[in-house]
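Whatever order the structure lists ligands and atoms in, that order sets their numbers, starting from 1. Residue numbers run from 1 in the order of the sequence given.
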Amino acid sequence: WSESGEKSAQIKNDSGNKVAVVLGAQWGDEGKGKVVDLLATESDVVCRCQGGNNAGHTVVVDEEEYDFHLLPSGIINTKCTSFIGNGVVIHLPGLFEEIDKNEKRGLKGWDKRLVISDRAHIVFDFHQAVDGLQEVQRQAQEGQNIGTTKKGIGPTYACKASRTGLRICDLMADFGEFSTRVKNLVLQYQSMYPALKVDVESELKKLKDYAERIRPLIRDGVYFMYDAIHGPPKKILVEGANAALLDIDFGTYPFVTSSNCTVGGVCTGLGIPPANIGEVYGVSKAYTTRVGIGAFPTEQLNAVGELLQTRGHEVGVTTGRKRRCALWFYVLDEIKVGVAYKINGKRVPYFPANMEVLQKVEVEYETFPGWKTDTSAVRKWSDLPPKAQNYIRFVENRIGVPIKWVGVGKSRECMIQMF
Ligand code: IMO
Ligand code: MG
């Protein structure tokens with residue numbers, strides 16, 4: 001004992017830099033991009049760890065609106081390195097389309113600041129086509145689909161899990177070998193979906209070009225993160241995509257996305273130990289929205305929902321769909337907050353797993369008086385109407401997590417810092 005004890009005492013306890021994490025706490029579109037942009041100004045590295053271009057993060061800087069889907073929102077910050085980790089699925093045509101679009105808005109020098117993990121899986125055009133076919137099939141068989149973004153996310157993660165996927169490192173290696181595996185994968189899909197038409201030669205030709213464009217950005221992602229954590233002190237930030245209630249394990253399955261969008265996805269999606277996770281920020285709107293299908297117990301299918309949708313400009317950044325809206329807003333006489341679910345009159349202390357059960361829960365609300373004043377110019381807590389302060393303190397106490405910022409509008413400066 002003493003010998004091994006002495007030995008371990010000699011090992012320097014170098015746990016390294018911590019990463020801060022920003023995650024969506026609802027069904028996506030909570031404003032993660034804005035919080036990431038705020039923290040990115042003092043970060044050295046901003047990482048994406050899961051999801052793909054199903055995400056849509058808007059950042060407004062000096063009246064210019066940038067949309068990010070695959071690129072970490074940190075890319076606009078010229079002092080930051082942006083990293084796309086192994087847990088992300090990458091559609092290369094989509095990535096370049098996004099880069100071109102943001103270059104037109106003033107994004108410069110991104111290629112000096114972007115690093116991509118060699119272990120990230122590739123989303124092919126045919127994955128996107130299959131995503132569409134699966135939605136048609138769901139509609140035909142079950143009378144409803146999931147309402148995916150049709151970005152090929154589900155099929156790509158399915159390939160990853162069934163070990164038929166191709167990764168960036170495969171694209172960087174022998175292209176003949178890569179092509180054979182892609183063609184085999186297409187044949188597998190065509191045996192499942194005879195209607196699937198794939199022009200595999202033209203897709204491969206495009207990929208060969210993209211491969212050369214991204215080659216300088218590719219690194220061993222695990223080593224990149226190891227180095228970021230164990231090198232000189234650095235501020236590292238993780239930008240979550242999608243959100244807790246879309247998490248494949250904890251969300252409203254099957255109406256979810258195909259990755260772990262909660263904190264566990266940070267470790268597996270970047271290759272870092274749990275001990276290196278520092279502050280975790282959950283981002284949430286004052287009301288709730290959801291795009292796509294699935295249980296949504298507090299949904300307002302009425303004038304209130306309409307009002308939230310129009311006043312909140314609730315339209316999906318990725319698909320342009322109107323977002324479904326729930327809970328309440330400042331223009332209202334009163335604000336209701338869902339605090340518990342009941343089944344047959346009995347409170348349930350957990351979030352039901354089964355969708356039929358969740359569709360039927362009764363929601364218990366607490367009601368607060370609305371403040372009915374525009375707060376978008378407020379920058380200090382003390383200038384918020386007391387009724388708004390009450391509402392925020394209630395939410396804080398209820399969830400047992402201190403609220404760090406309150407957003408009051410979409411541009412960078414519309415933020416109240418609480419501590
Ligand atoms: P951000 O990061 C809102 C939803 C889709 C659909 C379901 C599955 O912008 O908050 P998928 O294409 O992932 O297979 O679709 O998940 N969804 C999102 N909804 N914001 C997102 O991301 C989303 N990412 C996926 O609408 O219901
Ligand atoms: Mg979004």
Side-chain angles (χ1 to χ4, degrees), residues 21-37 47-60 65-73 84 87-91 94 98 121 123 127-135 138-139 144-161 238-262 265 269 281-285 288-296 299 309 312-326 355 407 410:
V21 182
V22 175
L23 300 175
Q26 299 169 317
W27 274 280
D29 308 318
E30 301 91 349
K32 294 181 284 291
K34 189 175 158 196
V35 178
V36 168
D37 173 54
C47 316
R48 273 280 303 269
C49 63
Q50 45 71 230
N53 59 352
N54 52 350
H57 300 167
T58 308
V59 178
V60 184
E65 196 162 318
Y66 299 86
D67 292 343
F68 298 113
H69 300 280
L70 259 167
L71 290 170
S73 301
I84 300 180
V88 177
V89 291
I90 303 178
H91 183 244
E98 179 180 339
H121 276 253
V123 181
H127 281 131
Q128 300 196 335
V130 168
D131 196 345
L133 290 173
Q134 288 178 337
E135 285 282 81
R138 287 179 191 117
Q139 188 68 43
Q144 64 175 0
N145 54 30
I146 294 178
T148 72
T149 58
K150 301 205 179 88
K151 298 290 180 189
I153 306 299
T156 307
Y157 279 115
C159 275
K160 175 176 176 177
V238 180
E239 172 175 17
N242 329 123
L245 292 165
L246 294 170
D247 182 285
I248 190 158
D249 282 279
F250 305 114
T252 49
Y253 192 91
F255 302 100
V256 292
T257 191
S258 300
S259 62
N260 283 117
C261 334
T262 48
Y281 303 99
V283 187
S284 161
K285 278 193 278 215
T288 314
T289 64
R290 154 159 228 184
V291 273
I293 318 293
F296 195 18
E299 183 166 18
Q309 201 275 323
H313 307 287
E314 293 296 351
V315 179
V317 179
T318 303
T319 57
R321 290 177 290 179
K322 273 193 185 177
R323 295 175 183 145
R324 299 158 66 192
C325 296
M355 276 313 95
K410 64 179 182 174

Can you see which heavy atom on I153 is nearest to which on T257, and at what distance?
CG2-OG1, 3.9 Å

Looking at K151 and Q128, what are the two nearest heavy atoms and their distance?
O-NE2, 3.1 Å

If we ignore angles and hydrogens, is there a donor and acceptor under 3.5 Å between the side chains of [X] and [Y]?
X: Q50; Y: N242; result: yes
X: T156; Y: H127; result: yes
X: D247; Y: T262; result: yes

Got the residues with a heavy atom under 4.0 Å of ligand 1, by chain and number?
W27, G28, D29, K32, N54, A55, G56, H57, I146, G147, T148, T149, A241, N242, L246, V256, T257, V291, G292, R321

Between E30 and the options K32, K34, Q26, the side chain to side chain donor-acceptor pair (under 3.5 Å) test singles out K32

Going by chain and residue number, what protein N/O/S atoms come nearer than 2.8 Å to the Mg ion (ligand 2)?
D29 OD1, G56 O

Residue among R321, R290, R324, K285 satisfying salt bridge (charged side-chain N to carboxylate O under 4.0 Å, His left out) with E314:
K285

Looking at side-chain heavy atoms only, is the closest gap between P254 and M355 below 4.5 Å?
yes

Is a donor on one side and an acceptor on the other found under 3.5 Å between the side chain of T318 and the backbone of A55?
yes

